[in-house]
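Heads up, the thing below is written out as C-alpha cells.
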Amino acid sequence: MRFPKTFSAFVLLVGLSHAASAQTCTPKVPASSLIEAPKWQMSINPTLPPQQFVDDKGELQGLNVELATEIAKRLCIEAVFLRMDFPPMIPALRSGRFDAINTGLFWTEERSKMLYLVPYAQQAISIYTDPSSSLKLEKFEDLAGRVVGVESATYTERKAREFSAAMEARGLKPIELRTFTTVTATSAALRAGQLEAALNINETANSLEQKGIAKIWVRDIAGTDITFAFRDKLLAQAFADALTAARADGTYDKLFDKFGMTKLKTTTFAIRGDGPTN
C-alpha cells in the first residue's frame, strides 16, 4: 500500500526515544520483525491524559508511555515514540511506516482483521459538558438534537454515530456531531459555547473534570478492550508474553494503579483476532 505524501504533515515530532538498556542483552524479537532493529517504533497521540500526554516540560508521560518503555526493556529493544494525530495511524502502520500503534486503539472485529491487536486495558465513553452549562444529562438519548464534540476517526466517534442513527430510527432527532483532532480542541470549543456537550473516554473525561474544565454526566458507555496494534505477528506475540510476565510480577498492576486506568481481568495476554488476511 502506497502511503500519501501528506503523511509528514501529521507527524508532530519524530524521535523521542527511550533506550531499553545498554544493549547488554539479546533482543527477544528477530530483527526482521522490526523496521529498524533494535528500535521498536510506535505512533502515539499524546492528547489523552492519563493514558498519554505531554507534561509542562514537553516530555511524554502516561500509562502507555511507561508501559511500552517497560515492555521494551523486557524485550531488549529500544522504544521510540512518534508523535502524530490519530487519523493516519492505521494506514501508516499497514504500509510499514512504523512497528506499532500505542494510543489505546479500541478493539473491533474490522480492525482485528487488518492488524495484530493485543488487548491490555478496558475503556468506555463518558458524556460531559462545560461546568457552567445548565444542561443536565442522564442518558445518551438526552443528546438528541444537541451539538456534540468528539475526536475524529475514533471508536468514540463511530459509536456516537451508531447511537445517533439508532435514535433517529426511533423518531428522535439525530445528534449534530462536530469532530476535532484533539481533546484540547474539543475542550476549547466547549468553553467557547460552540458545543453543548462532548464525548471522550472515561479516563480523559475524569482528568478534565479533575482540572475543573468539565462536568461528567454519564459514564461507562459502550465499554470495550483497548489494544496495542502491530503489523508483525512475532512482535505482537512477544509484547503479549512480556505483558503476561509484567502482570505476574506486579508491574502491570502498579502502573495501572499509578495512572488510574482500568485493568483487564485476565492474567494471560494474547493476540485477539486472526490478524491481516492479505
Side-chain angles (χ1 to χ4, degrees), residues 44-54 61-68 86 101-108 111 117-131 133 135-143 146 148-164 175 177-191 195-229 252-266 269 272:
I44 191 166
N45 180 19
T47 63
L48 297 172
Q51 188 168 290
Q52 65 253 4
F53 61 98
V54 178
Q61 303 290 347
L63 171 72
N64 283 16
V65 177
E66 293 197 20
L67 184 61
F86 177 75
I101 294 174
N102 175 5
T103 190
L105 190 71
F106 280 92
W107 190 95
T108 67
R111 288 172 175 172
L117 302 180
V118 179
Y120 71 101
Q122 275 210 330
Q123 281 182 347
I125 300 167
S126 289
I127 304 172
Y128 60 96
T129 64
D130 185 85
S133 174
L135 186 62
K136 297 183 184 298
L137 304 165
E138 296 181 355
K139 54 188 181 301
F140 199 92
E141 287 77 3
D142 292 341
L143 294 177
R146 304 285 184 184
V148 179
V150 66
E151 287 187 58
S152 61
T154 60
Y155 173 86
T156 304
E157 181 191 2
R158 177 177 178 177
K159 297 306 292 186
R161 294 195 183 281
E162 289 177 3
F163 291 152
S164 181
I175 301 169
L177 283 173
R178 295 185 183 175
T179 59
F180 301 84
T181 56
T182 67
V183 66
T184 302
T186 307
S187 297
L190 195 61
R191 289 196 302 272
L195 304 171
E196 294 177 90
L199 305 170
N200 215 309
I201 59 174
N202 283 347
E203 289 80 3
T204 297
N206 289 341
S207 177
L208 295 174
E209 188 170 61
Q210 290 166 7
K211 293 176 181 177
I213 56 179
K215 165 64 177 176
I216 300 175
W217 292 96
V218 185
R219 289 180 170 87
D220 301 325
I221 301 168
T224 190
D225 292 351
I226 57 172
T227 71
F228 273 66
Y252 174 95
D253 288 344
K254 182 178 179 180
L255 286 175
F256 273 70
D257 290 341
K258 175 180 178 179
F259 291 103
M261 296 285 289
T262 304
K263 308 167 190 174
L264 289 183
K265 294 180 180 180
T266 184
F269 297 87
R272 181 179 172 193

[X] versus [Y], closest heavy-atom pair with distance:
X: Thr186; Y: Leu195; value: O-CD1, 3.7 Å
X: Ala229; Y: Leu105; value: CB-CD2, 3.8 Å
X: Phe163; Y: Ile221; value: CE1-CG2, 3.6 Å
X: Ala197; Y: Ile127; value: CB-CG2, 4.4 Å
X: Thr108; Y: Arg158; value: CG2-NH1, 3.7 Å
X: Phe269; Y: Pro119; value: CD2-O, 3.4 Å

Under 4.5 Å between any side-chain heavy atoms of Leu190 and Tyr128, yes or no?
yes
Heavy-atom side-chain contact between Glu151 and Val183 under 4.5 Å:
yes
Those residues that, when tested against [X], pass salt bridge (Lys or Arg N to Asp or Glu O under 4.0 Å) (two or more places apart):
X: Asp225; value: Arg272
X: Lys159; value: Glu162
X: Lys211; value: none

Hey, is CZ on Arg111 packed in by over 12 heavy atoms from elsewhere, all under 6.0 Å?
yes
Tell me every residue that passes side chain to side chain contact (heavy atoms under 4.5 Å, CB included) with [X], counting only those two or more places apart in sequence or in another chain.
X: Leu135; value: Thr129, Ser133, Leu137, Arg146, Glu196
X: Ala68; value: Trp40, Met42, Phe81, Asn102, Phe228
X: Arg191; value: Asp130, Ser187, Ala188
X: Ala160; value: Phe140, Leu177, Leu199

Any chance you could measure [X], atom [atom1], to [Y], atom [atom2], to the nearest 0.5 Å?
X: Thr266; Y: Tyr120; atom1: OG1; atom2: OH; answer: 15.5 Å
X: Leu48; Y: Ile201; atom1: CG; atom2: CD1; answer: 5.0 Å
X: Thr181; Y: Asn45; atom1: OG1; atom2: CG; answer: 8.0 Å

Going by side chain to side chain donor-acceptor pair (under 3.5 Å), name the residues that satisfy it together with [X], two or more places apart in sequence or in a different chain.
X: Gln51; answer: Gln123
X: Ser126; answer: Asn202
X: Arg219; answer: Asn206, Glu209

By ring-ring contact (aromatic ring centres under 6.0 Å, His included) - contacts of Phe106 (at least two apart):
Tyr155
Less than 3.5 Å apart, which donor and acceptor atoms pair up between the side chains of residues 258-265 and the rest of the protein, not counting sequence neighbours?
from, atom 1, to, atom 2, distance (Å)
Lys258, NZ, Glu66, OE1, 3.2
Lys258, NZ, Glu66, OE2, 2.8
Thr262, OG1, Glu203, OE2, 3.4
Lys263, NZ, Asp257, OD1, 3.0

